[in-house]
Structure formats: structure tokens, C-alpha cells
Engineer: 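Let me give you the structure first, and then I'll get to my questions.
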Amino acid sequence: NKENDTWWMANGVKMVESWVRWRDNSGWGIADMGQGNPGIELPITINLGGVDVKMVIDRVMFKPSETGVLTREDYIVLDLKTGRYAPKSEMQLALYATGIEMVYGFRPKWGTYWMAREGQPSPLLDLDVYPTSMFEDLFSKFQTARETGVFLPNLNHCSMCSVIDYCKYKQPTLWEINK
């Protein structure tokens, strides 16, 4: 009963208020993606490695350029997070940058997670560490696994798994039954 409806009604309002304050004071703008599309809840569908990948990007923003001409260095992919912890990787943001590149023809250099509980963004993360070719390879391997039925467990995420009660790797008594 830690984060029930009552908790969210009180704290959710504070999170929204802190977002509005930060947004108003940051100096960052919402990117114009063209054809009247602001970089807000931006839906994108791309094909990577033979797999259709759908995403909705929370925000594509920019820091104003001193020259007045925006470059990829000025654009930031921002994902809103209400959880306690920032993701340990910029992979999600880099996938979004890949989607933007494939649909809109430019790849934002930077990404950040806006941490609602802290009322501020994480440090800027370099999204070039995950190139498009890596996502192509990764998704093609996912597709091969799906087609062949080969799925390896990630034993570091068992607490989030919905089938842990049936997993022979975490329930050794099931090993002989599910060999």
C-alpha cells in the first residue's frame, strides 16, 4: 500500500508541477518535427533487422543555439520517468534517436531521463554509443529467436518476470519436468 491511489494523487501532482517549473526555466524548446508535428508523444514506426518497431517518444527538445541554426548537437531526446531510479543505460534513448534519424533524417546527439521524483533531468547522455547498425543486428537476432523459439532467460530480471513460477531456472524442481 506504499504507492496507492492516494499517494499518486498527492505526489503525482507535485511531479507535474515540478515538470512545469523545470520546463519553464530550462530554456529548452519543443522540437518542430515538420508538418505541424511537435516533438511531444511522437509516434514512430521503423523496421530494424526485419522487425517493425513502434515507439512513442515522450519529448524531442532542443537547447537554443548561439548561432540560431540548430544542429544535431542541439537536439535532446527526453524520456519522462516517474520511478525511483534512472535507467542504467541510454539504450532506450538511442533507439528513439535511431527512429528519429530513420523517419526525420537527423539523429539527436543527446538524451536524458527527466526524473519526476527529483524534479530534474539526468545528465546528458551521448546517444552515439549505440549506432543504428547495432539495433539492426539486435532486432534481427530477436527475430531469429522468435522464429526458432529460442529464448534465453535473463536471470537478473526475475523479480519483474510474469512467468517466474514456471521457470525451470528459478524453480529447480521444474527442471526434470521441463527439460
Side-chain angles (χ1 to χ4, degrees), residues 2-5 7-49 51-65 69-136 138-139 142 154 156-157 159-162:
K2 294 178 183 176
E3 292 182 7
N4 59 15
D5 291 348
W7 187 92
W8 279 104
M9 291 304 289
N11 290 285
V13 169
K14 292 175 187 173
M15 290 179 198
V16 171
E17 289 171 346
S18 70
W19 164 256
V20 171
R21 255 190 323 278
W22 176 84
R23 170 72 183 86
D24 288 346
N25 295 322
S26 70
W28 294 9
I30 300 293
D32 178 357
M33 304 308 289
Q35 300 177 343
N37 293 323
I40 300 173
E41 296 295 320
L42 186 67
I44 291 179
T45 300
I46 57 176
N47 189 285
L48 289 167
V51 177
D52 287 335
V53 180
K54 295 180 181 183
M55 58 187 79
V56 178
I57 304 168
D58 288 344
R59 301 289 183 276
V60 181
M61 304 187 78
F62 67 90
K63 292 188 298 182
S65 167
V69 177
L70 295 176
T71 69
R72 66 182 293 267
E73 297 269 342
D74 300 311
Y75 286 95
I76 303 153
V77 177
L78 184 142
D79 195 67
L80 302 163
K81 296 293 186 191
T82 59
R84 289 188 180 113
Y85 306 105
K88 294 181 179 176
S89 164
E90 55 275 294
M91 184 182 276
Q92 175 189 2
L93 300 170
L95 179 61
Y96 291 167
T98 295
I100 293 167
E101 180 179 27
M102 293 177 78
V103 173
Y104 292 99
F106 74 97
R107 182 184 180 88
K109 168 83 171 154
W110 304 106
T112 187
Y113 296 107
W114 192 82
M115 303 305 298
R117 293 174 191 231
E118 298 169 15
Q120 63 186 2
S122 66
L124 288 181
L125 303 163
D126 183 351
L127 303 183
D128 288 345
V129 298
Y130 292 99
T132 300
S133 59
M134 188 209 69
F135 288 115
E136 289 277 352
L138 189 60
F139 278 92
F142 287 154
N154 182 343
N156 293 322
H157 290 89
S159 64
M160 300 183 312
C161 183
S162 61

Engineer: Go through the structure and list residues passing side-chain hydrogen bond (donor to acceptor under 3.5 Å, both in side chains) with D32, not counting sequence neighbours.
Structural biologist: none
Engineer: If you define the side chain from C-beta out and look only at heavy atoms, does anything of Q92 sit under 4.5 Å from Y130?
Structural biologist: no
Engineer: Would I30 and R23 satisfy side chain to side chain contact (heavy atoms under 4.5 Å, CB included), going step by step from the backbone distance to the final call?
Structural biologist: CA-CA 10 Å; I30 300 293; R23 170 72 183 86; 3.5 Å; yes
Engineer: Only one of I40, I44, L42, I57 clears side-chain contact (heavy atoms from CB on, under 4.5 Å) with M33; which?
Structural biologist: L42
Engineer: So L95 and L48, do their side chains get closer than 4.5 Å, heavy atoms only?
Structural biologist: yes
Engineer: What heavy-atom pair brings A116 and S18 nearest, and what distance separates the two atoms?
Structural biologist: O-OG, 3.8 Å
Engineer: Mind running side chain to side chain contact (heavy atoms under 4.5 Å, CB included) on Y96 and V60 for me, showing each step along the way?
Structural biologist: CA-CA 9 Å; Y96 291 167; V60 181; over 6 Å; no
Engineer: Would you say R107's side chain and L127's backbone share a donor-acceptor pair under 3.5 angstrom?
Structural biologist: yes
Engineer: In terms of relative ring orientation, are F142 and F139 parallel, tilted or perpendicular, with 30° and 60° separating the classes?
Structural biologist: perpendicular
Engineer: Nearest heavy-atom pair of P108 and A97: which atoms, and what distance?
Structural biologist: O-CB, 3.9 Å
Engineer: Enumerate the residue pairs fulfilling side chain to side chain donor-acceptor pair (under 3.5 Å) with a member in residues 113-126, sequence neighbours excluded, ordered by first and then second residue.
Structural biologist: E3-R117, K109-D126, T112-S122
Engineer: With rounding to the nearest 0.5 Å, note down the distance linking CD1 in I76 to CH2 in W28.
Structural biologist: 3.5 Å
Engineer: Does M134 reach the side chain of M91, with side-chain heavy atoms less than 4.5 Å apart?
Structural biologist: yes
Engineer: To check you understand the geometry: which heavy-atom pair defines the closest contact between L93 and L125, and what is its length?
Structural biologist: CD1-CD1, 3.9 Å
Engineer: List the atom of G49, the atom of E136, and the distance in Å for their closest heavy-atom pair.
Structural biologist: N-OE1, 2.7 Å
Engineer: Within a 6.0 Å radius of atom CG on D5, are there more than 12 heavy atoms belonging to other residues, nucleotides or ligands?
Structural biologist: no
Engineer: Going by side chain to side chain donor-acceptor pair (under 3.5 Å), name the pairs with one or both residues in residues 51-61, residues two or more places apart or in two chains.
Structural biologist: N47-D52
Engineer: Out of curiosity, L70 CG to F106 CZ, how far, rounded to the nearest 0.5 Å?
Structural biologist: 9.0 Å
Engineer: State whether the side chain of W110 and the backbone N or O of E73 hold a donor-acceptor pair below 3.5 Å, judged by distance alone.
Structural biologist: yes
Engineer: Just do the side chain to side chain contact (heavy atoms under 4.5 Å, CB included) check on I100 and Y75 with the steps written out, would you?
Structural biologist: CA-CA 11 Å; I100 293 167; Y75 286 95; over 6 Å; no
Engineer: With a 4.5 Å heavy-atom cut-off, do R72 and D128 have their side chains touching?
Structural biologist: yes
